[in-house]
Asker: 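Let me give you the structure first, and then I'll get to my questions.
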Amino acid sequence: DHASTKGSHDVLTLFEDRLRDYDAGVFLARRDEIAHKVVEILAAAHRRRIAIPPAMPEEWLAAGIDWLPDLELSFDALNGVDGVMTAATVGVATSGSIALQHGPAEGRRILTLLPDYHLCVLEAAQVVETLPEAFARLDPTRPVTFFSGPSATADIEMTRVKGVHGPRFLDVLLIQG
């Protein structure tokens, strides 16, 4: 049985705890606060030039940020932004993982691998407890990228190095209600 054993509040709490264990920033907002909270998070992180997928919801984009829609931005352009903001497909509480299937509001894979900072917006209803539950929500015909916290590896002489295969800094905005 791969079904969730926890209530939705406990699943979200576990997810938040796992993300924080991985040094990700975790923020909560109601749907009507998204744009305001996004500006607050980006300002605190000193990030102003943000690449976004072309179909990012308009109501998430507040004034005061230099939004750069990724209409096939070059590698140099992506390296030159302060970060990226995307939606996601599903979050997994037990592992603190987030899966992207690179849909219209999630962008191309390179968008989430090159920039040094990623702000990921995820609905509370998209967070499940287990990996089998997550796989049940994924479209098997689409590519998928899983990540758990900011990019890091300990492969190099067993020293933890950040930012090897993706952003060194990850913030997650969880939308509740």
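Any value given below was found using the heavy atoms of this structure, including those in side chains, with hydrogens, waters and symmetry copies removed.
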Asker: When rounded to the nearest 0.5 angstrom, what is the spacing between CG in Asp70 and CG in Leu111?
Answerer: 5.0 Å
Asker: Show the nearest heavy-atom pair for residues Ala62 and Trp67, with the distance to one decimal.
Answerer: O-NE1, 2.9 Å
Asker: Any donor and acceptor pair, going by atom type alone, linking the side chain of Glu133 with main-chain N or O of Glu129 inside 3.5 Å?
Answerer: yes
Asker: Within a radius of less than 6.0 Å around CD of Glu58, do more than 12 heavy atoms belonging to other residues, nucleotides or ligands occur?
Answerer: no
Asker: State yes or no: are the ring centers of Phe147 and Tyr22 separated by less than 6.0 Å?
Answerer: no
Asker: Using a strict cut-off of less than 4.0 Å between a Lys/Arg side-chain nitrogen and an Asp/Glu carboxylate oxygen, indicate whether Asp66 and Arg48 qualify as a salt bridge.
Answerer: no
Asker: With rounding to the nearest 0.5 Å, note down the distance linking CZ in Arg47 to CG in Leu119.
Answerer: 10.5 Å
Asker: Quick one: closest heavy-atom pair of Ala87 and Met56, and the distance?
Answerer: N-CE, 4.0 Å
Asker: Nearest 0.5 angstrom please: Ile41 CD1 to Asp171 CG, how far?
Answerer: 6.0 Å
Asker: Would you say that Ile34 contacts Glu59 through its side chain, given a criterion of any heavy-atom pair below 4.5 Å between the two side chains?
Answerer: no
Asker: Which distance, rounded to the nearest 0.5 Å, do you find between the CG of Leu73 and the CG of Asn79?
Answerer: 11.5 Å
Asker: Could you tell me which non-hydrogen atom of Ala105 sits nearest to which non-hydrogen atom of Ala55, and how far apart they are?
Answerer: CB-O, 3.9 Å
Asker: Under a 4.5 Å side-chain heavy-atom rule over Ile, Leu, Val, Met, Phe, Trp and Tyr, are Phe75 and Val84 clustered together?
Answerer: yes
Asker: Leu14 and Ala93: which non-hydrogen atoms are nearest, and at how many Å?
Answerer: CG-O, 3.6 Å
Asker: Could you check whether any side-chain heavy atom of Phe15 comes within less than 4.5 Å of a side-chain heavy atom of Ile98, counting everything from C-beta outward?
Answerer: yes
Asker: Taking side-chain hydrogen bond (donor to acceptor under 3.5 Å, both in side chains) as the criterion, tell me which of Thr145, Thr86, Thr89 meets it with Glu106.
Answerer: Thr89
Asker: Work out which heavy atom in Leu19 is nearest to a heavy atom in Gly96; give both atom names and the distance.
Answerer: CD2-O, 3.6 Å
Asker: Quick one: are Trp60 and Leu173 in side-chain contact, heavy atoms under 4.5 Å?
Answerer: no
Asker: Looking at Tyr117 and Asp82, what are the two nearest heavy atoms and their distance?
Answerer: CB-O, 3.5 Å
Asker: Looking at Arg18 and Thr94, would you say the former's side chain and the latter's main chain have a donor-acceptor pair under 3.5 Å?
Answerer: yes
Asker: CG/Leu78 to CZ/Arg108 distance, rounded to the nearest 0.5 angstrom?
Answerer: 5.5 Å
Asker: Any non-hydrogen side-chain atom of His118 less than 4.5 Å from a side-chain atom of Leu100?
Answerer: yes
Asker: Given 3.5 Å as the limit, does a donor-acceptor pair link the side chain of Arg142 with the main chain of His102, or not?
Answerer: yes
Asker: With Glu123, which of Arg137, Arg30, Arg31 fulfils salt bridge (charged side-chain N to carboxylate O under 4.0 Å, His left out)?
Answerer: Arg31
Asker: Go through Met85 and Ile65 one step at a time and tell me if the side-chain contact (heavy atoms from CB on, under 4.5 Å) criterion holds.
Answerer: CA-CA 11 Å; Met85 183 171 86; Ile65 301 296; over 6 Å; no
Asker: Roughly how far, to the nearest 0.5 Å, is CG of Asp116 from CZ of Arg168?
Answerer: 4.0 Å
